[in-house]
2 protein chains.
Amino acid sequence: MASIKDVAAEAGVSVATVSRVLNDHPSVSVDARTRVLAAVEALGYRPNAVARSLRTDQTRTLGLVISDVMNPYFTELARSVEEEARALGYSVIFGNADERPDLQDHHVRTLLDRRIDGLLVSPTDGGSPLMLDAARAGTPMVFVDRWIPGVDVPVVRADGRPAVRDLVAHLHGLGHRRLAIIAGPAATTTGSERVEAFREALAEYGLPLPDAYIGQGDFQAESGRRATDAFLDLAEPPEVVFAADNLMALGALDAVRARGMRVPEDIALAAFDDIPWFVHTDPPVTAVAQPTGELGRAAVRALVDVIEGRPPQSVTLAAWLVVRRSCGEPAPATPPAEPSATNRSQP
Amino acid sequence: MASIKDVAAEAGVSVATVSRVLNDHPSVSVDARTRVLAAVEALGYRPNAVARSLRTDQTRTLGLVISDVMNPYFTELARSVEEEARALGYSVIFGNADERPDLQDHHVRTLLDRRIDGLLVSPTDGGSPLMLDAARAGTPMVFVDRWIPGVDVPVVRADGRPAVRDLVAHLHGLGHRRLAIIAGPAATTTGSERVEAFREALAEYGLPLPDAYIGQGDFQAESGRRATDAFLDLAEPPEVVFAADNLMALGALDAVRARGMRVPEDIALAAFDDIPWFVHTDPPVTAVAQPTGELGRAAVRALVDVIEGRPPQSVTLAAWLVVRRSCGEPAPATPPAEPSATNRSQP
DNA sequence: CCTCCTCGTGGAATCGATTACACGTCCATG
DNA sequence: CATGGACGTGTAATCGATTCCACGAGGAGG
């Protein structure tokens, strides 16, 4: 593969001049410029990003460590992150943590070794020493969706509280009183927050959230299946299961179907995270929708702000309830479109 | 960030010795080794992968240009690729082409500039000059799922022909005679092959495939919606729609539902690519399943073979039919598990 | 006509690693 | 006791870019 030296030789100039042409530095004569460009064309030369990065100490690359790519929510997040990054002139390297702290660390380490310019993380746990050190050492970093309390890193996320309150109101209105939740890992903010929001909303209606009605999941389908099975084995099973993410909702659906039971007649189901398939499931699933695309884009903008030395902004967007038929009662109208930002605050 | 020089200074040895310790070269004294390791620990030193890559001319990174991450089939492919690559000591950089040739080229170019060791591509089109040049120039490369005819690059894919034949047999057995297909772009092999397989299978039953029953899609949901609408507007609409991928099947479902019609009573539906959600759609969708995970792993193994100078192997695996209820008639039993490789051949 | 500035250019240092080569020690062998 | 090989180590070249500095040519101004 041709290097800058070959181009310089071909064009009859020094490597310095070639470099200047390539980075369109002002002081290059028209003559030199055309000769260099011709040589570049003739040799099919492409600058070596590795060498350039070594010299300039920047890779124009962002790292994204995602909790689980197979989760459609995170897939969409990843996609929007890549799009916005590309628009801003950055590439993205993804790492899939599969909800495993060890894998998460592996990816953070690899990304750091590659000298990415900044790191976008949706932490799977409370933060390994590695990640905490990186944050402390000043690696540009932004948390997206989930975050780690007590770490001074901007957070871009959606606040699901009001939507969860709407959901509980909806369920209560349908006459449901025994409501259960399949929670995510307590070590994740989304794992614990959703339970808290749910509990608080229940309290407003004077409803309890007994321990037996809190299934411990890990954001994966299999755990949704197990938790639902446990609920169904109870002497007094819940009337509604609220899954804290879409994969656990899928698992819940599996479990209900395996017993030959029906949603919502035998048990109602709701989920956090809305995905296109929920429109076509049997029955269509009532869900809390997040402005996923906007979340990804905002996270990239925040990270690039940090990288380029501008003051970073934490961003909190609103989530909203999309009522379908999985809790009883037919859906009334079309769900609203993604609303835009409602609230921005300094971290 | 500490460099190898700092470590050398801290340990009181030369950088050469540090490097030897890090790459566990045999001739280093125990004393030097322990001192270096201590220094590494003390400084929290991590080797700079950028510098290392420049010197060694290898990045231990694979590039994967995927047609569309939002398609669950490709998401799973991406996941398995990353897993196998990690097991073999490589990282993966993903590029999402979104079925757009220009984006595909953008990613190929970026990846090449980064000097990835090898490229895994599921081409969106017939091959841009850029990609063809790269292949010709000897960039280690493997096609996965889709390929470009006439290019000397190993291909890892599933053969859907027998499964499509099974599908047609199934449909014919249910009494369906007017069968339509929503095809992918003709420029992709999977786009044209699936139509061909369908046409041939129909011919075995003496059934025609009129042009009006070939909807032109682009593997995205919206095109499935449009094509289905067109079918439904026909004087004599088809009894079955076979979508060449799962997203177009989703679009078809949308279109049917929008007209207040029902699957399979008003029109039957089948899809290429099986995904977990198809079990829970209304109705569960009959689909051709691919050994996606094995495809991704085999592709990585083939690519690493090329990179490390071993003779590459093209791999063709079998796809299979999973009957559910979207074509009429209840599903009999559980679908079989992923079968393993059936056929390997030199490209 | 001399001086100074601007402009275009090239030489060479640099980024952080790897590695060929040379050198000194020490021990075993003849 | 001399010699040669093995071993551990350091020096320096190298990878492909960017960029500081110096230099020569040419034009403007005094």
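Protein chains get the first letters and strands the later ones, always in sequence-line order, with residue 1 at the start of each.
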Next on the checklist: If I take atom NE2 in residue B:H25 and atom P in nucleotide D:dT9, what distance separates them, rounded to the nearest angstrom?
Outcome noted: 11 Å
Checklist entry - Can you tell me how far C1' of C:dG11 sits from CZ of A:R20, to the nearest Å? => result 11 Å
Checklist entry - Under 4.0 angstrom, heavy atoms only, what part of the nucleic acid is A:V50 near: base, sugar-phosphate, or nothing? => result nothing
Next on the checklist: Between the side chains of A:E41 and A:R46, is the shortest nitrogen-to-carboxylate-oxygen separation below 4.0 Å, so that they form an ion pair?
Outcome noted: no
Checklist entry - Is there a salt bridge (charged side-chain N to carboxylate O under 4.0 Å, His left out) between A:D305 and A:R301 once you walk through the steps? => result CA-CA 6 Å; A:D305 280 346; A:R301 286 193 296 264; over 6 Å; no
Next on the checklist: Considering every strand and a 4.0 Å limit on heavy-atom distances, what is the contact class for A:V13: base, sugar-phosphate, or nothing?
Outcome noted: sugar-phosphate
Checklist entry - Expressed in angstrom and rounded to an integer, what is the separation of B:L54 atom CG from D:dC15 atom C1'? => result 4 Å
Next on the checklist: Using a 4.0 Å heavy-atom cut-off, does A:S29 contact any base of the nucleic acid, only the sugar-phosphate backbone, or nothing at all?
Outcome noted: sugar-phosphate
Next on the checklist: Tell me the interatomic distance from A:R33, atom CZ, to C:dC7, atom C1', rounded to whole angstroms.
Outcome noted: 14 Å
Item to check | A:D31 or A:V15, whichever maps to the more 5' nucleotide of DNA chain C | outcome: A:D31
Next on the checklist: Counting the atoms with a prime plus P, OP1 and OP2 as sugar-phosphate, which does A:N23 contact under 4.0 Å by heavy atoms, base, sugar-phosphate, or nothing?
Outcome noted: sugar-phosphate
Item to check | Residue pair B:Y73 / B:D145, side-chain donor-acceptor N/O under 3.5 Å | outcome: yes
Checklist outcome for this item: From the list A:H106, A:R114, A:H107, side-chain hydrogen bond (donor to acceptor under 3.5 Å, both in side chains) partner of B:S91 resolves to A:R114
Checklist entry - How would you label the contact of A:S27 with the nucleic acid (heavy atoms, under 4.0 Å): base, sugar-phosphate, or nothing? => result base
Checklist entry - Which of the following nucleotides, C:dA17, D:dT19, D:dT9, is nearest to the side chain of A:A16? => result D:dT19
Item to check | Nearest listed nucleotide, side chain of A:A51, among D:dA17, C:dG10, C:dA17 | outcome: D:dA17
Checklist entry - Could you walk me through whether B:T75 and A:T75 pass the side chain to side chain donor-acceptor pair (under 3.5 Å) check? => result CA-CA 8 Å; B:T75 311; A:T75 311; 4.6 Å; no
Checklist entry - From C:dA17, D:dT18, D:dA17, pick the nucleotide closest to the side chain of A:T56? => result D:dT18
Checklist entry - For A:A32, which contact category applies under a 4.0 Å heavy-atom criterion: base, sugar-phosphate, or nothing? => result sugar-phosphate
Next on the checklist: Please classify the nucleic acid contact of B:S19 as base, sugar-phosphate, or nothing, using heavy-atom distances under 4.0 Å.
Outcome noted: base
Next on the checklist: Closest approach to the side chain of A:V28, judged atom by atom: which nucleotide of D:dT9, C:dT9, C:dC15 is it?
Outcome noted: C:dT9
Checklist entry - A:D57 has an atom CG; how far is it from atom C1' of D:dG16, in whole Å? => result 16 Å
Item to check | Atom-pair distance (NZ on B:K5; P on C:dG16), nearest Å | outcome: 7 Å
Checklist entry - In whole angstrom, what separates A:D6's CG from D:dG16's C1'? => result 10 Å
Next on the checklist: Without decimals, in angstroms, what is the distance between B:Q58 CD and C:dA17 P?
Outcome noted: 16 Å
Checklist entry - Side chain of B:R55: nearest nucleotide among D:dA13, C:dG11, D:dG16? => result D:dA13
